[in-house]
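Written out below as structure tokens is the structure these notes cover.
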Amino acid sequence: MRTRGSESFIVLPLLPIFLIGLFPMLLLSLLGPAGLIILGILVACAGLTDILDASGTFSEQIIVHGFARGSERAGQRTALRSEVRFASVMIAAGAGLVVAGIGGLALS
């Protein structure tokens, strides 16, 4: 039989993943469905913040650079739409988490 080497070298690369996942695990285990509601609200707020940031960046580009060529304006609009689309998915996911949490509270 061969002896297995130490697997302690894997701890350091996995530490950030553990630390990121620690908050939601504690939130859900300690608070239950209420934690799911809080997590949903946080995700939706992050989506709203992303939309506001994208709109601010778009407005800043328009104000600072003034009149731009059509291709530059199209690129700016495309960037704004893609950021708003992703943020809308985040808002919908947050709303889904809130609805699931409210359903969990109603069932318990």
Side-chain angles (χ1 to χ4, degrees):
M1 272 177 73
R2 283 191 316 192
T3 59
R4 294 183 63 179
S6 175
E7 294 178 357
S8 61
F9 65 89
I10 200 165
V11 171
L12 191 60
L14 291 179
L15 187 61
I17 296 170
F18 173 75
L19 292 176
I20 290 171
L22 185 66
F23 176 69
M25 287 189 307
L26 285 175
L27 188 72
L28 294 177
S29 65
L30 295 176
L31 297 176
L36 202 59
I37 293 172
I38 293 170
L39 187 63
I41 291 170
L42 289 174
V43 169
C45 286
L48 288 172
T49 302
D50 197 22
I51 286 178
L52 291 174
D53 187 39
S55 297
T57 302
F58 180 75
S59 298
E60 181 182 346
Q61 290 290 330
I62 298 297
I63 292 169
V64 170
H65 297 294
F67 184 74
R69 293 182 309 204
S71 61
E72 291 176 5
R73 283 191 312 241
Q76 292 168 354
R77 282 193 305 265
T78 303
L80 176 67
R81 285 187 195 127
S82 67
E83 289 184 35
V84 168
R85 189 177 310 120
F86 177 70
S88 299
V89 170
M90 286 179 62
I91 292 170
L97 287 171
V98 168
V99 168
I102 290 172
L105 282 176
L107 291 175
S108 61

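In this structure a side-chain-to-backbone donor-acceptor pair under 3.5 Å is missing from S59 to G56.
One distance of note links OG1 of T78 with CZ of R73; it measures 12.5 Å at 0.5 Å rounding. Put simply, CZ on F58 and CZ on R81 are 8.5 Å apart, with the number rounded to the nearest 0.5 Å. To the nearest 0.5 Å, atoms CD1 (I17) and CG (L22) are separated by 13.5 Å. Atom CD in E60 sits 12.5 Å away from atom OG in S55 (nearest 0.5 Å).
Hydrophobic clustering keeps L105 apart from L97 (ILVMFWY residues linked when any side-chain heavy atoms are closer than 4.5 Å, directly or through intermediates). Residues L15 and L26 share a hydrophobic cluster, clusters being chains of Ile/Leu/Val/Met/Phe/Trp/Tyr side chains in contact below 4.5 Å. Both L36 and L31 are members of a single hydrophobic cluster when ILVMFWY side chains are connected at heavy-atom separations under 4.5 Å.
Of all heavy-atom pairs spanning I51 and S88, the tightest one is CD1-OG, 4.5 Å. Listed here is the closest heavy atom pair of M90 and G47: CE-N, 3.8 Å. Scanning all heavy atoms of the two residues, the minimum distance from L48 to I91 falls at CD2-CD1, 3.6 Å. Contact between G101 and P33 at its shortest, heavy atoms only, is O-CB, 3.4 Å.
Among the candidates I41, V43, L42, the single residue satisfying the side-chain contact (heavy atoms from CB on, under 4.5 Å) test with C45 is I41.
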